[in-house]
There are 2 protein chains.
Amino acid sequence: MSILREHVSAIATLPGRAPSEETMTPRVQVSREIPDIVVRRLPLYARALRDLSARGIPSVSSESLAEAIGVTAAQIRRDLSYFGRFGKQGKGYDTQFLGETIAGFLKIDRQWDVALVGYGNLGRAITHYRGLIPSSFTISAIFDRKAAEYQEHAPGIPVHSDEHIESEVARLGIRIGIIAVPAGAAQEVTDKLTAGGVLAMLNYAPVVLRVPGHVTVREIDPISAMQSMTFYLPD
Amino acid sequence: MSILREHVSAIATLPGRAPSEETMTPRVQVSREIPDIVVRRLPLYARALRDLSARGIPSVSSESLAEAIGVTAAQIRRDLSYFGRFGKQGKGYDTQFLGETIAGFLKIDRQWDVALVGYGNLGRAITHYRGLIPSSFTISAIFDRKAAEYQEHAPGIPVHSDEHIESEVARLGIRIGIIAVPAGAAQEVTDKLTAGGVLAMLNYAPVVLRVPGHVTVREIDPISAMQSMTFYLPD
DNA sequence: CCATGTGAATGTTTTCACAGCT
DNA sequence: AGCTGTGAAAACATTCACATGG
């Protein structure tokens with residue numbers, strides 16, 4: 001039950017960084033160390049299992065779950081084995097139970113407040129994306145250099161200017177930030193979020209963010225993704 | 001080293017698929033032997049080198065390039081070694097030359113037409129994102145189930161209905177698609193793009209797309225990214 | 001039987017460390 | 001003296017294959 005989060009090293013470039021060991025408190029450690037790459041697959045499992053469960057399918061084998069997700073069955077079994085034993089031999093996994101269990105590990109069985117910084121085109125698209133809420137996240141504060149200008153547009157969410165990032169984030173106890181500002185402003189904004197106590201950041205800006213070791217960063221970089229695909233295109 | 005955590009881990013099955021070997025044309029290309037994970041880092045190198053070059057810095061060591069990007073120097077040297085020998089011992093790399101060379105490998109030294117499918121909030125944000133063009137991509141055709149409704153909004157780019165995806169994409173010779181439709185429509189749209197000759201797709205829908213082996217897919221999945229970060233948060 | 005969970009094997013990616021060139 | 005490029009080693013990740021249990 002008590003899967004204590006354990007942190008692995010991390011990624012430098014591509015897909016984000018998990019919190020690094022050095023700054024972690026070496027607390028009572030119940031579980032084996034879970035590779036970040038496994039942690040990054042858990043949301044896919046959770047999603048597939050929720051879907052199956054919603055479709056009234058009570059159990060599923062690693063084989064057919066793998067088929068649905070596009071990974072191998074062995075990988076699913078191995079990944080799950082980091083957390084415990086959830087299957088029944090000859091039967092498979094209980095979709096609802098496993099789905100909820102994984103959601104618990106991910107801590108997405110609750111709602112998280114999120115601070116969004118940058119209310120331009122991208123920030124607005126994120127705000128209006130209704131898929132956020134069912135996935136456990138609520139944008140509770142928006143920040144923009146030109147707060148006054150955008151105030152009216154935000155749907156019931158207060159828009160503050162950048163100077164209030166630290167104080168507001170701290171006041172609300174927000175742990176998650178989304179960075180949707182231009183590259184040049186990203187590091188500054190990151191520092192303010194960190195100062196306010198944010199521990200996880202989704203970064204849309206095409207820059208490498210410098211963060212303390214206990215902060216997790218994941219990069220969303222569609223441009224890099226596209227540029228790496230053209231490599232495979234014929235001339 | 002700084003607070004920036006350096007260590008790298010791989011991302012195997014998570015964030016997209018390179019074209020599979022079986023269906024690749026075994027041409028003269030270097031590409032077959034180059035790990036996809038290396039290819040996915042090249043855009044970061046290209047970006048950093050372009051910036052350095054623009055700032056008038058004529059040469060750079062793997063050490064300081066690494067520091068700027070947030071990877072290790074050894075990794076940069078190893079990655080580059082897949083393509084050739086570009087450095088001068090005792091000196092480093094010529095920023096402009098190496099930047100242009102990598103851009104050449106990635107084929108981002110030219111402009112690519114892109115088909116965008118889905119013109120909702122997300123699609124519009126993508127369309128208005130001006131960072132696309134300098135990065136080599138031009139949205140040349142937009143498709144939406146409700147084409148007529150949105151026609152007026154698109155800035156000089158024709159908006160077609162979904163039935164015309166195959167024919168238009170084929171007519172314009174478009175090789176790259178962006179999928180910005182709801183999950184339920186993603187596979188259908190993908191099939192139409194594939195039928196029209198698209199070979200690379202950026203997928204924003206939270207679904208596993210089934211594509212022929214010669215098609216590259218990269219997933220953009222901010223929700224999964226956020227959900228994998230909450231794992232590391234304290235309760 | 002069927003399908004899990006896991007040691008062992010294999011494959012991949014990163015890092016070390018240094019010979020060799022400028 | 002400084003820094004690349006690369007064999008060799010280490011670390012990491014995936015897959016195989018099967019003993020085990022419902």
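The chains referred to below are lettered A, B, ... by the order of the sequence lines, with proteins before strands, and numbering in each begins at 1. What you see is a predicted model; the values in this text were computed from it and never measured.
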Value in whole Å for how far the C1' atom of D/dT4 lies from CG of B/Leu65: 13 Å
Crowding at CD, A/Glu188 (>12 non-hydrogen neighbours, <6.0 Å): no
Partners meeting side chain to side chain donor-acceptor pair (under 3.5 Å) with B/Gln89 (sequence neighbours left out): none
Distance-only donor-acceptor test (3.5 Å): side chain A/Gln89, base C/dT4: yes
Just the atom pairs and distances: protein N or O near nucleotides 7-11 of chain C's N or O, under 3.5 Å.
residue: C/dG7; atom: N7; partner: A/Arg78; partner atom: NH2; Å: 3.2
residue: C/dG7; atom: O6; partner: A/Arg78; partner atom: NH2; Å: 2.6
residue: C/dA8; atom: N6; partner: A/Arg78; partner atom: NH2; Å: 3.0

All side chain to side chain donor-acceptor pair (under 3.5 Å) counterparts of A/Ser135, not counting sequence neighbours: none
Separation of atom OH in B/Tyr82 from atom C1' in C/dT13, rounded to whole Å: 7 Å
Partners passing side chain to side chain donor-acceptor pair (under 3.5 Å) against A/Asp113 (at least two apart in sequence or in another chain): A/Ser140
Test side chain to side chain donor-acceptor pair (under 3.5 Å) applied to A/Thr216 - qualifying residues, sequence neighbours left out: none
Donor-acceptor pairs are to be reported for all side-chain atoms of residues 42-60 of chain A against protein atoms at under 3.5 Å, with residues two or more places apart or in another chain.
residue: A/Tyr45; atom: OH; partner: A/Asp79; partner atom: OD2; Å: 2.5
residue: A/Arg47; atom: NH1; partner: B/Asp221; partner atom: OD2; Å: 3.1

Below 4.0 Å: OP1/OP2 of C/dT15 and any side-chain N or O of B/Thr72: yes
C/dG5 base / A/Arg85 side chain donor-acceptor hit below 3.5 Å: no
